[in-house]
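Below: one structure, written as structure tokens.
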Protein chains: 2
Amino acid sequence: MTHTEEITLAKEIELSTEEKILHSARKVFTKKGLSGARMQDIADEAGINKALLHYYFRSKEKLFEKIFEEASTKMFAKLTEFIDSKELSLFEKIEKMVENQIAMSMENPFLPAFVINEFHQNAEGSICQTIGRKMSVSHKLIEHIQEAVNQGLIRPINPIQLFINIMSLSMFPFVSKPILQINMNVTEEQFALLMEQRKKDVADFVIRAIKL
Amino acid sequence: MTHTEEITLAKEIELSTEEKILHSARKVFTKKGLSGARMQDIADEAGINKALLHYYFRSKEKLFEKIFEEASTKMFAKLTEFIDSKELSLFEKIEKMVENQIAMSMENPFLPAFVINEFHQNAEGSICQTIGRKMSVSHKLIEHIQEAVNQGLIRPINPIQLFINIMSLSMFPFVSKPILQINMNVTEEQFALLMEQRKKDVADFVIRAIKL
DNA sequence: GTCTATAGCGAGATAGAC
DNA sequence: GTCTATCTCGCTATAGAC
């Protein structure tokens, strides 16, 4: 086995340094936020030295921006697909949106709270502005809802309110998870089960609320 | 006018130093969080010197705990009243809960996101544990919902899910406000109007979803 | 009680050897 | 590319004058 082959093999098993850093940064930033995270935490988590972080990504801010933009995108990526779909009926869209946002949150437990919180603390900052502009997700859905109202398929409702309702019901449980858990004495397993049930329950709840 | 009267008068107009500090700390902590806030920011906001903060409240942590506990309590104070009420019907309770949580969030725009975020970053910490224990809000409501199901007043539904739904619909819009505003191009005034409408809309939405 | 000055430490960032 | 050592600065906290 040549030296080059060894390296190639190692890369398949072990991640490249840059990828290790990104993994660790994702973990630390999403848990502690920009101001709460320490470069040392990220280096430790990656099993490397602080200086390497600066070698790959000039500064803490730059590394954060990368993670934050990636996180914001991931949070709404599939949502956009469903909303833009031409084939799905309104009710099907709602079902897909709910199911997908809950599944995404279960796979990435810290992601929604992270993105929301950083937007809060940095709403006027340039990072949020640029990212925000890429995320105009809702327009197509608002139109679709308005059509359904006009055609008498659902009861009259403000489309914006309905959109907010769908997002709220899908995402708030994850954002407020620690409070819910303490308040209602719920274990991790019980919480996961509740959220699994919500994939159907929420869509059902919404459709009951808007049908004639 | 004697010297003492002057001071008394001054106190009526201008707050005591301790109160000024608490006001500023509330403002800064709720906006930036524990790790994002600087003692200097709080001192500047209060128009006093950094050293005075330590004179009145030994440390940043101690000052934060005071603000955080106060915020957590305020966030759920009235909710508990309505939930425990013997006179209100289930539907009335839902209406009161929604209206009150939305009103509270409109008056204290940063409060929900602040409390939620600090719980996230400190869920196992001692502060959250002690505060969490004081907040077991939901039990009475869960029972009330279960009764309503048993008596056939509403359709069968998991009471915990319904509780989560009510809280989600009331609070998520405020937690995710910056994202919603960027995403949907909504001004402050439009947002306030939407939330004002939600006081009725959400209760209506929930009741439609659970009635037979 | 309120201020100025400063101690002391921790975190981001860089220099330079290997 | 990766490390150790170090610089620099900003922040919490304290000392001490008034």
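These numbers were taken from a predicted model, which means no experiment stands behind them.
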With a cut-off of less than 4.0 Å, is there a side-chain N or O of [X] near OP1 or OP2 of [N]?
X	N	result
B:Tyr55	C:dC3	no
A:Thr17	D:dT2	yes
B:His54	D:dT14	no

Determine, for A:Lys27 against A:Glu45, whether the closest basic-nitrogen to carboxylate-oxygen distance falls under 4.0 angstrom.
yes
Just do the side chain to side chain donor-acceptor pair (under 3.5 Å) check on A:Arg198 and B:Asn165 with the steps written out, would you?
CA-CA 10 Å; A:Arg198 275 185 87 77; B:Asn165 291 355; 2.7 Å; yes
Integer-rounded Å distance: [N] [atom2] and [X] [atom1]:
X	N	atom1	atom2	answer
A:Gln40	C:dC9	CD	P	17 Å
A:Asp44	C:dG12	CG	C1'	15 Å
A:Lys32	C:dG12	NZ	C1'	16 Å
B:Lys50	D:dA13	NZ	C1'	8 Å
A:Ile21	D:dG1	CD1	P	11 Å
B:Lys60	D:dT14	NZ	C1'	17 Å
B:Arg38	D:dC9	CZ	P	17 Å
B:Met39	D:dT12	CE	C1'	7 Å

By nearest atom, which of the nucleotides C:dG1, D:dC3, C:dA11 is closest to the B:Leu52 side chain?
C:dG1
Hey, would you say the A:Phe119 and A:Phe114 ring centroids sit under 6.0 Å apart?
no
Looking at A:Phe57, I'd like to know if the NZ or CZ of A:Lys66 sits under 6.0 Å from its six-membered ring centre while staying within 45 degrees of the ring's axis.
no
Donor on one side chain, acceptor on other, B:Glu19 and B:Ser16, under 3.5 Å:
yes
In terms of the nearest nucleotide of DNA chain C, which residue is placed more toward the 5' end: B:Ile48 or A:Glu61?
B:Ile48
Heavy atoms under 4.0 Å, any strand shown: does A:Ala43 hit a base, just sugar-phosphate, or nothing?
nothing
